[in-house]
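Only one structure is covered here, and it is reproduced in the block below.
Numbers for residues simply follow the sequence, beginning at 1.
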Amino acid sequence: MSRPHYILLPVSPLFIALSLTAAFMLNLLPWGHWIGAPDFVALVLVFWGIHQPRKVGIGMAFFMGLMMDVHDSTLLGENALAYTLLSYLAIMIHRRILWFPTMTQALHVFPLLLLTQLLQVLVRFIITGKFQGWLIFVESVVAIALWPVITWMLLAPQRRAVDRDHTRPI
């Protein structure tokens, strides 16, 4: 049986800004450089690129990438390039992905996150000549495992109440 599709309330731009700020703060934590720690900024950017492509687009992805470049002290533009590509691809396929259930959405988002991470590893390899190892790609797997939780958390303010108030029209 398929689940019904509910109409969501409009998302607040303030909530989008808070979620991107929270994702950036999670990436600032010391465990952000451990193997297996997901890139929360990339995860939230791809979520908003799929669910709100007109409000969070390539420009926001570029800005967040520059912020991550400054934080990581990497080559300026490395994360910006990767996040911009991620946002473009998420916006390109957002209509298709929204029809799937959450777990199938995760399977569609996985190649996007993997491609983003592959681009970052490739740029670092070209610049430094050192390969970081294959375990670095575990981050994408952990991010996809978090996709249902992130989806539930970021869509929660938009859901309508189950017990509908019949005195209001909506």
Side-chain angles (χ1 to χ4, degrees), residues 1-29 32 37-72 77 79-117 119-120 139-170:
M1 296 290 268
S2 71
R3 59 183 172 81
H5 292 276
Y6 296 105
I7 297 175
L8 298 172
L9 296 171
V11 65
S12 166
L14 180 63
F15 181 71
I16 292 174
L18 286 175
S19 67
L20 286 168
T21 304
F24 182 70
M25 292 298 172
L26 283 172
N27 276 2
L28 293 182
L29 291 175
D39 187 356
F40 288 104
V41 173
L43 194 59
V44 172
L45 278 173
V46 76
F47 175 83
W48 288 123
I50 289 171
H51 287 274
Q52 295 293 328
R54 291 187 181 187
K55 292 187 179 179
V56 178
I58 296 172
M60 181 58 71
F62 184 77
F63 173 73
M64 293 302 291
L66 288 178
M67 296 286 289
M68 285 306 300
D69 286 333
V70 169
H71 168 261
D72 291 340
N79 288 316
L81 174 67
Y83 289 169
T84 303
L85 178 68
L86 175 71
S87 181
Y88 172 74
L89 293 173
I91 290 170
M92 190 173 71
I93 64 173
H94 82 277
R95 290 181 189 261
R96 231 173 302 158
I97 289 181
L98 288 175
W99 283 100
F100 295 119
T102 306
M103 293 308 292
T104 310
Q105 286 179 6
L107 293 176
H108 283 82
V109 169
F110 179 66
L112 301 180
L113 292 173
L114 199 61
L115 180 68
T116 301
Q117 200 170 12
L119 183 64
Q120 290 172 333
E139 294 177 15
S140 296
V141 176
V142 173
I144 290 308
L146 290 175
W147 181 258
V149 175
I150 295 292
T151 300
W152 180 80
M153 284 175 47
L154 293 179
L155 286 181
Q158 298 176 33
R159 289 193 181 95
R160 296 172 187 262
V162 176
D163 298 329
R164 187 173 167 203
D165 185 9
H166 294 286
T167 60
R168 291 186 291 171
I170 293 182

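- Summarising the geometry, atom CG belonging to L89 is positioned 6.5 Å from atom CG belonging to L115; distances are rounded to the nearest 0.5 Å.
- Note that OG1 of T84 and CG of L119 are 10.0 Å apart. Values are rounded to the nearest 0.5 Å.
- Using a 4.5 Å heavy-atom cutoff, the side chains of M103 and P148 are in contact.
- Below 30°, between 30° and 60°, or above 60°: for F24 and H71 the angle between ring planes is above 60°, a perpendicular geometry.
- For the residue pair Y83/D39, the side-chain donor-acceptor check at 3.5 Å is satisfied.
- Atoms CG and CE, on L45 and M64 in that order, are 6.0 Å from each other to the nearest 0.5 Å.
- You'll find the side chain of L28 reaches within 4.5 Å of the side chain of M25, heavy atoms only.
- Between the CD1 atom in I16 and the CZ atom in F47 there is a gap of 9.0 Å [rounded to 0.5 Å].
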Check residues 52-59 and write down every donor-acceptor pair under 3.5 Å in which the side-chain atom is one partner and the other belongs to a residue at least two apart or another chain.
unit_1 : atom_1 : unit_2 : atom_2 : d
K55    : NZ     : V11    : O      : 3.1

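- Between the side chains of S19 and W48, a donor-acceptor pair is found at a separation under 3.5 Å.
- Considering only heavy atoms from C-beta on, V109 comes within 4.5 Å of I144 through its side chain.
- Atoms OH and CG, from Y88 and L112 in turn, are 12.0 Å apart once rounded to the nearest 0.5 Å.
- Note that the CG atom of L155 and the NE2 atom of H51 stand 5.0 Å from one another [nearest 0.5 Å].
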